[in-house]
A.B. asks: 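I am attaching a structure below and will ask some questions about it afterwards.
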2 protein chains.
Amino acid sequence: MANLEKEPGFPFYVVSRLISQAYREPLESLSLTYPQYLVMLCLWEEDGLMVSQIGERLSLDSGTLTPLLKRLEAMNLVKRERSEKDERKVGIQLTYPGKSLQSKASLISSSLDAVFANWAEKDKSKLEQLMNKLLESLKSHSQKF
Amino acid sequence: MANLEKEPGFPFYVVSRLISQAYREPLESLSLTYPQYLVMLCLWEEDGLMVSQIGERLSLDSGTLTPLLKRLEAMNLVKRERSEKDERKVGIQLTYPGKSLQSKASLISSSLDAVFANWAEKDKSKLEQLMNKLLESLKSHSQKF
DNA sequence: TAATTTTTGATTGTAAACAATTAAATTTAT
DNA sequence: ATAAATTTAATTGTTTACAATCAAAAATTA
């Protein structure tokens, strides 16, 4: 494993995919994918966000978000409405079913609890802290976000 | 941010994508994507691996690897040869251009150095340690890997 | 041996992810 | 005011990523 072990990015790549997989089963009850769930979390926090604002929060661009939001619209969870003031902007509004889904979603965020079950609290909080630090470092070196 | 902040998986999701983006520019000189680069790393470490063995090392299944390997074959970096002993198995051999590419690849693993430049050595090693621990925890809860 | 199960990779279909480009509207500068 | 630059989202094309299924071969069991 000499080569792969020298790649500092590799564990992050695998961990991210395994986490998405861990969310898959719990999210089936909402018929959402993991990225769709994250978009819904944004909107439950603040309804009526512009596409660009969702993109800022999730570090995703319109090439990813536009089709994803159209799928959420097709599921009748959101409405996409072009702003009248600035017709470049598209606001994303939760529909009633979209708002209602939040109650079902409260259990999802504990999907990783089993994974961390036998972890020391200290390690969990340290990892969280270092991941946030890394996120900031990466963003400050990123052109896009 | 109340909702997103409660999602323990979110930072891993963003970090992984920002890391892939950070590798994009350095990897352009090899005309490789990040996942293709990881496959090549496996093969530079051990030539002639079966598809399933690459999948184990990278936690990827054949639905991802088969088309990726066909692209590497189209680039003349690998050959795919069905085993004579067990005709279900397909061995992946490096071509001469595939082997030669390794010399150009030595610089790639330092693509994140700038990101970690002002990090304390202690934090870096702690993060690496905790990520490997998390990887093991996730794998032990995974059906697939 | 014959039937069943497992292994292995390929295929199909859907959904992200993102670079590059386009189009339209707004803002800024001249 | 008008030209140039910026913002914003959509579009296009390529590449992952993965579930589900299939087919063939091999290994196991009856």
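Letters A, B, ... mirror the listed sequences (proteins, then strands); counts begin at 1.
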A.B. asks: Between atom CG in Leu65(A) and atom P in dT8(D), what is the gap in whole Å?
C.D. replies: 14 Å
A.B. asks: Check the phosphate of dA15(C) against Gln36(A), side-chain N and O only, distance under 4.0 Å to OP1 or OP2. Yes or no?
C.D. replies: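 It does not, given that no N or O in the side chain of Gln36(A) lies less than 4.0 Å from OP1 or OP2 of dA15(C).
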A.B. asks: Tell me whether Glu46(B) is salt-bridged to Arg57(B), with the criterion being a basic N under 4.0 Å from an acidic carboxylate O.
C.D. replies: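 The answer is yes: the pair qualifies as a salt bridge.
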A.B. asks: Given that Asp86(A) and Lys70(A) both sit by DNA chain D, which one's nearest nucleotide is further toward the 5' end?
C.D. replies: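 In this pair, the answer is Asp86(A).
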A.B. asks: In whole angstrom, what separates Arg80(A)'s CZ from dT8(D)'s C1'?
C.D. replies: 13 Å
A.B. asks: Can you figure out which of dT11(C), dA17(D), dT16(D) approaches the side chain of Ser62(B) most closely?
C.D. replies: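 Of the candidates, dT11(C) comes closest.
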A.B. asks: Does the side chain of Glu7(B) come under 3.5 Å of the side chain of Tyr37(A) through a donor N or O and an acceptor N or O?
C.D. replies: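 Glu7(B) vs Tyr37(A): donor-acceptor pair found between side chains.
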A.B. asks: On DNA chain C, nearest-nucleotide positions of Val51(B) versus Arg71(A): which is more 5'?
C.D. replies: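 Checking each residue's closest nucleotide, the 5'-ward one belongs to Val51(B).
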A.B. asks: Take the protein atom CZ of Arg82(A) and the nucleotide atom P of dA24(C), then report the distance between them rounded to whole Å.
C.D. replies: 11 Å
A.B. asks: When you match Thr33(A) and Glu28(B) each to their closest nucleotide on DNA chain C, which lands nearer the 5' end?
C.D. replies: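 Closer to the 5' end of DNA chain C: Thr33(A).
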A.B. asks: Taking any heavy-atom pair under 4.0 Å as a contact, classify Ser52(B): base, sugar-phosphate, or nothing.
C.D. replies: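 Here Ser52(B) touches the backbone only, sparing every base.
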A.B. asks: Using a strict 4.0 Å threshold on nitrogen-to-oxygen distance, state whether Glu121(B) and Lys124(B) make a salt bridge.
C.D. replies: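 Salt bridge between Glu121(B) and Lys124(B), a charged N being under 4.0 Å from a carboxylate O: yes.
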A.B. asks: Classify Leu60(B) by what it touches in the nucleic acid, base, sugar-phosphate, or nothing, heavy-atom distance under 4.0 Å.
C.D. replies: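 Touches sugar-phosphate only.
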A.B. asks: In whole angstrom, give the distance that lies between atom CG of Asp61(A) and atom P of dA9(D).
C.D. replies: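 Atom-to-atom, Asp61(A) to dA9(D), this comes out as 12 Å.
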A.B. asks: Taking only N and O in the side chain of Lys89(B), is any of them less than 4.0 Å away from OP1 or OP2 of dA26(D)?
C.D. replies: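 Lys89(B) to dA26(D) OP1/OP2: no side-chain N or O under 4.0 Å.
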A.B. asks: Starting at the 5' end of DNA chain D, which residue's closest nucleotide do you reach first, Tyr13(A) or Arg88(A)?
C.D. replies: Arg88(A)
A.B. asks: Could you tell me the separation between the CG atom of Leu69(A) and the P atom of dA15(C), rounded to a whole number of Å?
C.D. replies: 14 Å
A.B. asks: Any donor-acceptor pair under 3.5 Å linking the side chain of Glu45(A) with the backbone of Leu4(B)?
C.D. replies: yes
A.B. asks: Taking side chain as C-beta onward, heavy atoms only, is Asn132(B) less than 4.5 Å from Glu136(B)?
C.D. replies: no
A.B. asks: Between the base of dA10(D) and the side chain of Thr66(A), is there a donor-acceptor distance below 3.5 Å?
C.D. replies: no
A.B. asks: Would you say Arg24(A) reaches dA19(D)'s phosphate, i.e. side-chain N/O to OP1/OP2 under 4.0 Å?
C.D. replies: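 Affirmative; the distance criterion is met.
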A.B. asks: Distance check needed: dA9(D) P versus Glu56(A) CD, whole Å only.
C.D. replies: 9 Å
A.B. asks: Leu68(A) has an atom CG; how far is it from atom C1' of dC18(C), in whole Å?
C.D. replies: 14 Å
A.B. asks: Can you check the Tyr34(B) OH to dA17(C) P distance for me, whole Å?
C.D. replies: 16 Å
